[in-house]
Protein chains: 2
Amino acid sequence: MTSSEAGSRVLPATPRSGAGAGAAADKKREAAAGAALGAAARLRVAVPSVADRVAAELRLQLAEGLLLPGARLTESTIAEDLGVSRNTVREAFAELAAERLVVRHPNRGVFVASLEAGDIHDVYAVRRAIEVSAIRGGGSPERVAAVRAAVEEGKAAAAAGDEEALGNANQHFHGAIVALAGSRRLDTIMAQVLAEMRLFFHKATLDAHFYRGWLADNEEICAALEAGDLNRAGDLLLAYLDRSEERQAAVHGD
Amino acid sequence: MTSSEAGSRVLPATPRSGAGAGAAADKKREAAAGAALGAAARLRVAVPSVADRVAAELRLQLAEGLLLPGARLTESTIAEDLGVSRNTVREAFAELAAERLVVRHPNRGVFVASLEAGDIHDVYAVRRAIEVSAIRGGGSPERVAAVRAAVEEGKAAAAAGDEEALGNANQHFHGAIVALAGSRRLDTIMAQVLAEMRLFFHKATLDAHFYRGWLADNEEICAALEAGDLNRAGDLLLAYLDRSEERQAAVHGD
DNA sequence: GATTGAAGAATCGTTGAACAATCCGAACTT
DNA sequence: AAGTTCGGATTGTTCAACGATTCTTCAATC
């Protein structure tokens with residue numbers, strides 16, 4: 001289950017000089033750089049470092065479920081697969097470890113993080129704090145509109161029966177709620193938490209009913225928000241998060 | 001202003017084998033490992049890696065104000081000063097960058113982070129979200145007692161006229177409030193935010209009046225918490241944070 | 001005099017190789 | 001079957017090297 005089976009891709013972006021540089025196929029998909037929400041928010045059009053690109057690649061594989069929780073990531077294997085040096089991979093690991101996507105076991109290696117029963121409550125504690133606070137603070141019309149857009153995105157996905165799009169829409173919804181606060185730090189914290197949960201969800205694959213519930217909740221919450229009834233919106237969101245946590249705990253928990 | 005002037009110390013903990021290993025004075029102060037709140041929370045008595053120790057050392061110098069915001073941290077200099085390799089320093093930087101204590105400017109180096117006007121609001125947004133949520137959720141008697149302890153610690157420090165202790169007490173107070181929620185993640189987020197603010201406060205050095213206000217607020221908040229009036233405690237805390245932010249914004253100006 | 005441009009120095013980014021420390025599993029003993 | 005020893009695999013850390021960038025300096029040009 002190491003990454004050698006799943007990922008034999010090559011890194012995007014321009015190669016520098018590199019000596020042997022194993023695989024040389026450099027497909028240009030630099031455009032993906034725009035989606036960097038959790039990235040280091042670098043000024044201008046700075047080229048992301050190789051380490052950053054490695055981290056991004058791994059993050060992607062993590063999100064896609066190619067790397068399952070508990071899987072081991074061997075430095076040398078990944079270094080070879082991606083055509084970079086071990087040191088660089090190591091730096092990428094540091095980045096991912098800071099985001100809690102992987103855990104380092106000293107002298108044993110890094111493993112894809114896996115949420116324990118206790119972590120569920122923990123993650124939801126963060127979400128409750130951040131999301132409820134954000135929605136209670138309200139936000140500019142544009143930001144509220146972004147929340148609405150996410151709700152509609154979810155409905156459309158549901159109508160189309162696209163499960164993956166539905167999941168994404170839900171994440172957009174909650175991300176948009178946090179964005180109401182207009183805080184870079186809250187945004188990145190939320191992005192990290194969502195990334196953690198995404199990792200987690202791959203196991204307890206989600207059924208259709210799951211989503212139906214979300215949709216109704218999201219609609220109701222969004223409506224309250226639009227109506228300016230922030231307290232009600234906050235209460236609804238809080239209730240939703242409690243229920244969601246409960247369900248997660250039931251599916252996974254002890 | 002580089003670190004070479006201020007920090008010519010040596011790293012704590014046991015040396016391994018290291019070839020040339022410049023300075024060989026290995027003072028044993030391993031006991032300091034217990035204070036690692038923001039650390040990676042490693043199981044058992046695992047020896048922190050060298051990179052971790054470098055990061056800890058830098059974190060310390062940052063907290064002590066030896067490294068002022070905007071100061072440049074040169075890899076090779078620090079590597080020499082601390083008697084470790086450049087690569088290791090680099091890994092430590094990654095850790096600190098993830099905590100926002102330093103910023104990386106590609107191809108230019110890493111610099112001690114400095115909060116801009118916008119960051120003030122940002123940081124307080126995080127604090128509002130986390131602290132208020134935590135206090136509204138209440139906590140076990142032991143945790144409430146911890147909050148009380150922090151309040152008393154502050155009073156004692158004030159009586160003794162120890163400014164530094166006063167500042168620490170205040171941080172303990174707010175840390176204890178977050179700890180009410182019993183969430184590892186919230187604790188580390190809070191620890192990071194406080195570390196960021198500590199960095200910042202070194203500039204706008206704090207006068208006595210500053211603290212007096214805190215003390216009264218803390219007492220009142222704690223009292224409400226102990227009385228079980230969580231809503232009131234939350235409101236008070238929120239008001240305090242708003243005032244605090246305002247003051248900070250004024251001192252530091254936009 | 002101010003702008004432009006071309007060396008030059010200082011660092012960073014990344015690599016490759018090396019070796020001790022550590023962990024894991026398997027063969028081997030008792 | 002339980003305990004011990006041994007070897008292999010991988011991590012932790014260091015060192016040395018080199019291209020790539022950025023900053024600085026300084027001279028040449030308009």
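Residue numbers start from 1 in every chain, and the chains themselves are labelled A, B, ... in the order their sequence lines are given, proteins ahead of strands.
In this structure, Phe173(A) and Val147(A) have side chains that are in contact, with non-hydrogen atoms separated by less than 4.5 Å. At least one side-chain heavy atom of Asn170(B) sits less than 4.5 Å from a side-chain heavy atom of His174(B). By the 4.5 Å heavy-atom criterion applied to side chains, Gln192(A) and Arg100(A) are not counted as neighbours. Looking at heavy atoms from C-beta onward, Arg184(B) lies in side-chain contact with Asp119(A) at the 4.5 angstrom threshold.
Nearest to the side chain of Ser85(B), among dT14(D), dG12(D), dG13(C), sits dT14(D).
The interatomic distance linking Glu80(B) (CD) with dC15(D) (C1') rounds to 13 Å, in whole Å. For the pair Glu91(A) CD and dT13(D) C1', the computed distance is 14 Å after rounding to whole Å. Distance CG (Asn87(A)) to C1' (dA17(C)): 10 Å, rounded to an integer number of Å. Rounded to whole Å, the distance from CZ on Arg104(A) to P on dC23(C) is 16 Å.
Salt-bridge check for Arg127(A) with Glu245(A): failed, with every basic side-chain N at 4.0 Å or more from each acidic carboxylate O. With respect to the salt-bridge test (charged N to carboxylate O, under 4.0 angstrom), the residues Glu196(B) and Arg185(A) qualify.
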Distances under 3.5 Å between nitrogen or oxygen atoms of protein and nucleotides 5-12 of chain C:
from, atom 1, to, atom 2, distance (Å)
dC12(C), OP1, Glu75(B), N, 3.4
dC12(C), O3', Asn107(B), N, 3.4

